[in-house]
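All heavy atoms count here, side chains included; hydrogens, waters and symmetry mates do not.
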Amino acid sequence: MRDNDFHSARHWAQELLSSTLEEGSVAVDATMGNGHDTLYLAERVGERGRVYAFDIQPDAVERTRARLAQAGLLERARLFCMSHADMADVVRAQVDAVLFNFGWLPGGDHAVTTRTESSLKAVEQARALLKPGGVMTLCIYPGHEEGDRERAALLDWGRALDPKHYDVMVRAYLNQPNHPPLMLAVRRRG
(Lines give C-alpha, C1' and ligand atoms only; values in the text may rest on other atoms or scores of the structure.)
Protein backbone atom coordinates (compact mmCIF):
# COMPACT_ATOMS: atom_id res chain seq x y z
CA MET A 1 0.00 0.00 0.00
CA ARG A 2 1.27 3.48 -0.86
CA ASP A 3 1.91 6.03 1.87
CA ASN A 4 -0.07 9.10 0.86
CA ASP A 5 0.00 10.84 4.25
CA PHE A 6 1.09 14.47 3.87
CA HIS A 7 2.88 14.21 7.26
CA SER A 8 3.96 17.00 9.60
CA ALA A 9 6.24 20.02 9.37
CA ARG A 10 8.81 18.11 11.47
CA HIS A 11 8.68 15.20 9.03
CA TRP A 12 9.16 17.58 6.09
CA ALA A 13 12.21 19.10 7.80
CA GLN A 14 13.80 15.71 8.43
CA GLU A 15 13.08 14.70 4.84
CA LEU A 16 15.01 17.72 3.56
CA LEU A 17 17.87 17.28 6.00
CA SER A 18 18.30 13.57 5.26
CA SER A 19 19.96 14.36 1.94
CA THR A 20 22.15 17.05 3.53
CA LEU A 21 23.60 15.09 6.44
CA GLU A 22 26.24 12.36 6.28
CA GLU A 23 29.02 10.86 8.38
CA GLY A 24 31.12 13.71 9.75
CA SER A 25 28.52 16.46 9.26
CA VAL A 26 28.03 19.27 11.76
CA ALA A 27 24.46 20.16 12.70
CA VAL A 28 22.59 22.46 15.07
CA ASP A 29 19.32 21.72 16.84
CA ALA A 30 18.47 25.29 17.78
CA THR A 31 15.43 24.33 19.86
CA MET A 32 16.04 20.88 21.38
CA GLY A 33 12.69 20.46 23.15
CA ASN A 34 12.25 16.81 24.10
CA GLY A 35 15.31 15.73 22.12
CA HIS A 36 13.69 13.93 19.21
CA ASP A 37 15.38 16.13 16.61
CA THR A 38 18.69 16.14 18.47
CA LEU A 39 18.61 12.33 18.40
CA TYR A 40 17.72 12.35 14.69
CA LEU A 41 20.66 14.64 13.94
CA ALA A 42 23.07 12.61 16.12
CA GLU A 43 22.12 9.45 14.21
CA ARG A 44 22.74 11.16 10.86
CA VAL A 45 26.09 12.85 11.60
CA GLY A 46 27.72 9.57 12.59
CA GLU A 47 30.66 8.93 14.89
CA ARG A 48 32.81 11.68 13.39
CA GLY A 49 30.04 14.28 13.33
CA ARG A 50 28.86 16.77 15.91
CA VAL A 51 25.49 18.17 16.98
CA TYR A 52 25.13 21.42 18.92
CA ALA A 53 21.75 21.65 20.67
CA PHE A 54 20.17 24.61 22.47
CA ASP A 55 17.21 25.23 24.75
CA ILE A 56 16.55 27.75 27.51
CA GLN A 57 14.64 25.24 29.64
CA PRO A 58 16.66 22.91 31.90
CA ASP A 59 13.93 20.25 31.56
CA ALA A 60 14.47 20.18 27.80
CA VAL A 61 18.21 19.75 28.21
CA GLU A 62 17.77 16.88 30.70
CA ARG A 63 15.14 15.11 28.55
CA THR A 64 17.44 15.38 25.56
CA ARG A 65 20.45 14.17 27.54
CA ALA A 66 18.47 11.12 28.71
CA ARG A 67 17.21 10.35 25.20
CA LEU A 68 20.72 10.52 23.72
CA ALA A 69 22.23 8.48 26.56
CA GLN A 70 19.60 5.77 26.13
CA ALA A 71 20.49 5.58 22.42
CA GLY A 72 24.23 5.55 23.17
CA LEU A 73 24.76 8.78 21.22
CA LEU A 74 25.43 11.36 23.93
CA GLU A 75 29.08 11.77 22.87
CA ARG A 76 27.98 13.07 19.46
CA ALA A 77 26.18 16.09 20.92
CA ARG A 78 26.97 19.16 22.95
CA LEU A 79 23.94 20.38 24.87
CA PHE A 80 23.58 23.99 25.96
CA CYS A 81 21.02 25.45 28.35
CA MET A 82 21.02 28.82 26.62
CA SER A 83 19.10 30.78 24.02
CA HIS A 84 19.38 29.85 20.37
CA ALA A 85 19.97 33.57 19.85
CA ASP A 86 23.44 33.07 21.31
CA MET A 87 24.48 30.01 19.28
CA ALA A 88 27.31 31.87 17.55
CA ASP A 89 28.98 32.23 20.97
CA VAL A 90 29.71 28.49 21.04
CA VAL A 91 29.41 27.21 17.45
CA ARG A 92 32.60 28.27 15.69
CA ALA A 93 32.56 25.99 12.64
CA GLN A 94 30.42 26.25 9.55
CA VAL A 95 27.53 23.80 9.69
CA ASP A 96 25.76 21.52 7.24
CA ALA A 97 22.31 21.81 8.80
CA VAL A 98 20.30 23.79 11.32
CA LEU A 99 16.91 22.73 12.60
CA PHE A 100 14.42 25.00 14.42
CA ASN A 101 11.02 24.30 15.99
CA PHE A 102 9.34 27.56 17.01
CA GLY A 103 6.60 27.59 19.63
CA TRP A 104 6.64 25.90 23.03
CA LEU A 105 8.05 22.73 24.55
CA PRO A 106 5.59 19.86 23.99
CA GLY A 107 4.38 18.83 27.43
CA GLY A 108 5.96 21.94 28.97
CA ASP A 109 4.75 25.31 30.21
CA HIS A 110 2.89 27.01 27.33
CA ALA A 111 3.72 30.39 28.84
CA VAL A 112 7.34 29.79 27.81
CA THR A 113 7.55 30.23 24.04
CA THR A 114 10.07 31.26 21.47
CA ARG A 115 10.00 35.03 20.99
CA THR A 116 10.11 36.93 17.71
CA GLU A 117 13.14 39.09 18.52
CA SER A 118 15.37 36.25 19.75
CA SER A 119 14.16 33.97 16.95
CA LEU A 120 15.12 36.51 14.29
CA LYS A 121 18.55 36.91 15.89
CA ALA A 122 18.92 33.10 15.98
CA VAL A 123 18.00 32.49 12.34
CA GLU A 124 20.37 35.22 11.26
CA GLN A 125 23.21 33.64 13.23
CA ALA A 126 22.31 30.23 11.81
CA ARG A 127 22.30 31.65 8.27
CA ALA A 128 25.81 33.01 8.81
CA LEU A 129 26.97 29.58 10.07
CA LEU A 130 25.62 27.62 7.07
CA LYS A 131 28.27 26.35 4.72
CA PRO A 132 27.59 26.38 0.96
CA GLY A 133 25.02 23.68 0.25
CA GLY A 134 23.87 23.75 3.88
CA VAL A 135 20.18 23.64 4.77
CA MET A 136 18.21 25.27 7.57
CA THR A 137 14.65 24.24 8.40
CA LEU A 138 12.23 26.30 10.46
CA CYS A 139 9.12 24.50 11.71
CA ILE A 140 6.77 27.24 12.85
CA TYR A 141 3.89 26.40 15.17
CA PRO A 142 1.89 29.64 15.54
CA GLY A 143 -1.18 28.69 17.65
CA HIS A 144 -0.94 31.80 19.87
CA GLU A 145 -0.53 35.57 19.51
CA GLU A 146 3.29 35.61 19.78
CA GLY A 147 3.44 32.63 17.40
CA ASP A 148 1.45 34.52 14.78
CA ARG A 149 3.80 37.50 15.10
CA GLU A 150 6.82 35.20 14.93
CA ARG A 151 5.49 33.42 11.83
CA ALA A 152 4.97 36.72 9.99
CA ALA A 153 8.44 37.98 10.93
CA LEU A 154 10.17 34.73 9.92
CA LEU A 155 8.36 34.65 6.57
CA ASP A 156 9.39 38.27 5.94
CA TRP A 157 12.99 37.35 6.87
CA GLY A 158 12.96 34.46 4.38
CA ARG A 159 11.47 36.59 1.59
CA ALA A 160 14.25 39.14 2.05
CA LEU A 161 17.15 36.68 1.59
CA ASP A 162 19.13 37.34 -1.58
CA PRO A 163 18.08 34.76 -4.22
CA LYS A 164 21.61 34.85 -5.66
CA HIS A 165 22.85 33.24 -2.45
CA TYR A 166 19.84 31.43 -0.92
CA ASP A 167 16.93 29.29 -2.01
CA VAL A 168 13.92 29.66 0.29
CA MET A 169 10.74 27.59 0.21
CA VAL A 170 7.61 27.23 2.33
CA ARG A 171 5.57 24.09 2.85
CA ALA A 172 2.22 24.41 4.61
CA TYR A 173 -1.32 23.18 4.82
CA LEU A 174 -3.63 25.82 3.37
CA ASN A 175 -7.05 24.59 4.47
CA GLN A 176 -6.49 23.41 8.06
CA PRO A 177 -8.09 25.22 11.02
CA ASN A 178 -6.38 26.54 14.14
CA HIS A 179 -3.17 27.97 12.72
CA PRO A 180 -1.52 24.85 11.29
CA PRO A 181 2.28 24.61 11.39
CA LEU A 182 4.40 25.40 8.39
CA MET A 183 7.96 24.67 7.40
CA LEU A 184 10.31 27.25 5.96
CA ALA A 185 13.51 25.88 4.44
CA VAL A 186 16.64 27.79 3.45
CA ARG A 187 19.50 26.41 1.38
CA ARG A 188 22.72 28.33 0.99
CA ARG A 189 23.77 28.16 -2.61
CA GLY A 190 27.27 26.95 -3.22
Side-chain angles (χ1 to χ4, degrees), residues 6-22 24-33 37-38 40-41 44-45 49-56 80 82-104 113-174 176 179-190:
F6 280 4
H7 298 288
S8 65
R10 194 169 152 257
H11 175 87
W12 301 333
Q14 288 184 356
E15 192 175 65
L16 277 174
L17 295 177
S18 68
S19 61
T20 303
L21 297 169
E22 60 189 15
S25 290
V26 177
V28 173
D29 183 353
T31 49
M32 74 176 88
D37 290 327
T38 308
Y40 168 81
L41 294 171
R44 297 307 175 281
V45 301
R50 177 69 61 213
V51 177
Y52 297 88
F54 300 88
D55 208 296
I56 61 169
F80 298 93
M82 61 188 280
S83 173
H84 55 216
D86 299 318
M87 75 175 74
D89 292 346
V90 294
V91 180
R92 302 287 183 208
Q94 285 197 302
V95 301
D96 299 285
V98 182
L99 193 149
F100 285 92
N101 283 290
F102 296 101
W104 54 65
T113 69
T114 53
R115 310 294 297 173
T116 303
E117 292 74 21
S118 61
S119 294
L120 287 171
K121 183 178 175 187
V123 295
E124 190 54 29
Q125 286 185 22
R127 183 200 56 77
L129 290 170
L130 273 184
K131 64 174 60 170
V135 174
M136 176 183 357
T137 60
L138 296 76
C139 294
I140 305 167
Y141 300 89
H144 52 93
E145 188 175 326
E146 178 63 17
D148 289 337
R149 197 167 83 88
E150 188 174 52
R151 176 187 57 206
L154 290 168
L155 288 171
D156 287 345
W157 172 83
R159 280 185 200 97
L161 291 176
D162 186 343
K164 294 176 185 165
H165 302 288
Y166 298 94
D167 293 319
V168 182
M169 66 173 246
V170 174
R171 191 167 184 183
Y173 288 99
L174 297 178
Q176 301 299 312
H179 310 281
L182 62 91
M183 194 243 346
L184 179 69
V186 177
R187 182 178 66 90
R188 182 174 176 187
R189 291 176 171 238

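Across every non-hydrogen atom of L99 and L17, the tightest pair is CD1-CD1, 3.4 Å. Considering all non-hydrogen atoms of both residues, G158 and V168 come closest at O-CG2, 3.6 Å. Contact between R187 and G133 at its shortest, heavy atoms only, is CG-O, 4.2 Å. When all heavy atoms of G33 and D55 are compared, the pair lying nearest together is N-OD2, 2.9 Å.
Distance check: R127 CZ to W157 CH2 gives 7.0 Å after rounding to the nearest 0.5 Å. The CD1 atom of I56 lies 6.5 Å from the OG atom of S83; values are rounded to the nearest 0.5 Å. Between the CG atom in L16 and the CE atom in M169 there is a gap of 5.0 Å [rounded to 0.5 Å]. Once rounded to the nearest 0.5 Å, the distance linking OG1 of T20 with CG of D96 reads 8.0 Å. From R159, atom CZ reaches atom CG of D156 across 5.5 Å, with rounding to the nearest 0.5 Å. Put simply, OG on S19 and CZ on R44 are 11.5 Å apart, with the number rounded to the nearest 0.5 Å.
In this structure, L129 and Y52 have side chains that are not in contact, with every pair of non-hydrogen atoms separated by 4.5 Å or more. With a 4.5 Å cut-off on side-chain heavy atoms, D37 and Q14 count as touching. For the pair E15 and M183, the minimum side-chain heavy-atom distance is 4.5 Å or more. Put simply, the side chain of L130 reaches to within 4.5 Å of the side chain of V95, judged on heavy atoms. Residues V28 and V51 fail the side-chain proximity criterion, which asks for heavy atoms closer than 4.5 Å.
The one candidate from E124, R149, E150 that meets the side chain to side chain donor-acceptor pair (under 3.5 Å) condition with S119 is E150. Results of the side chain to side chain contact (heavy atoms under 4.5 Å, CB included) test with F100 over L184, V123, T137 single out V123 as the only residue that passes.
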Got a list of side-chain donor-acceptor pairs under 3.5 Å for residues 85-94, not counting sequence neighbours?
residue, atom, partner, partner atom, Å
R92, NH1, A88, O, 3.2
R92, NH2, D89, O, 2.9

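No donor-acceptor pair under 3.5 Å is formed between the side chain of S25 and the backbone N or O of G49. A donor-acceptor pair under 3.5 Å is formed between the side chain of R189 and the backbone N or O of P163.
Using a 30° and 60° split on the angle between ring planes, F80 and F54 fall in the parallel class, below 30°.
Legend: residues meeting side-chain contact (heavy atoms from CB on, under 4.5 Å) with A128, ordered by chain and number and at least two apart, are absent.
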Tell me, with the steps shown, if V26 and K131 meet side-chain contact (heavy atoms from CB on, under 4.5 Å).
-> CA-CA 10 Å; V26 177; K131 64 174 60 170; 5.8 Å; no
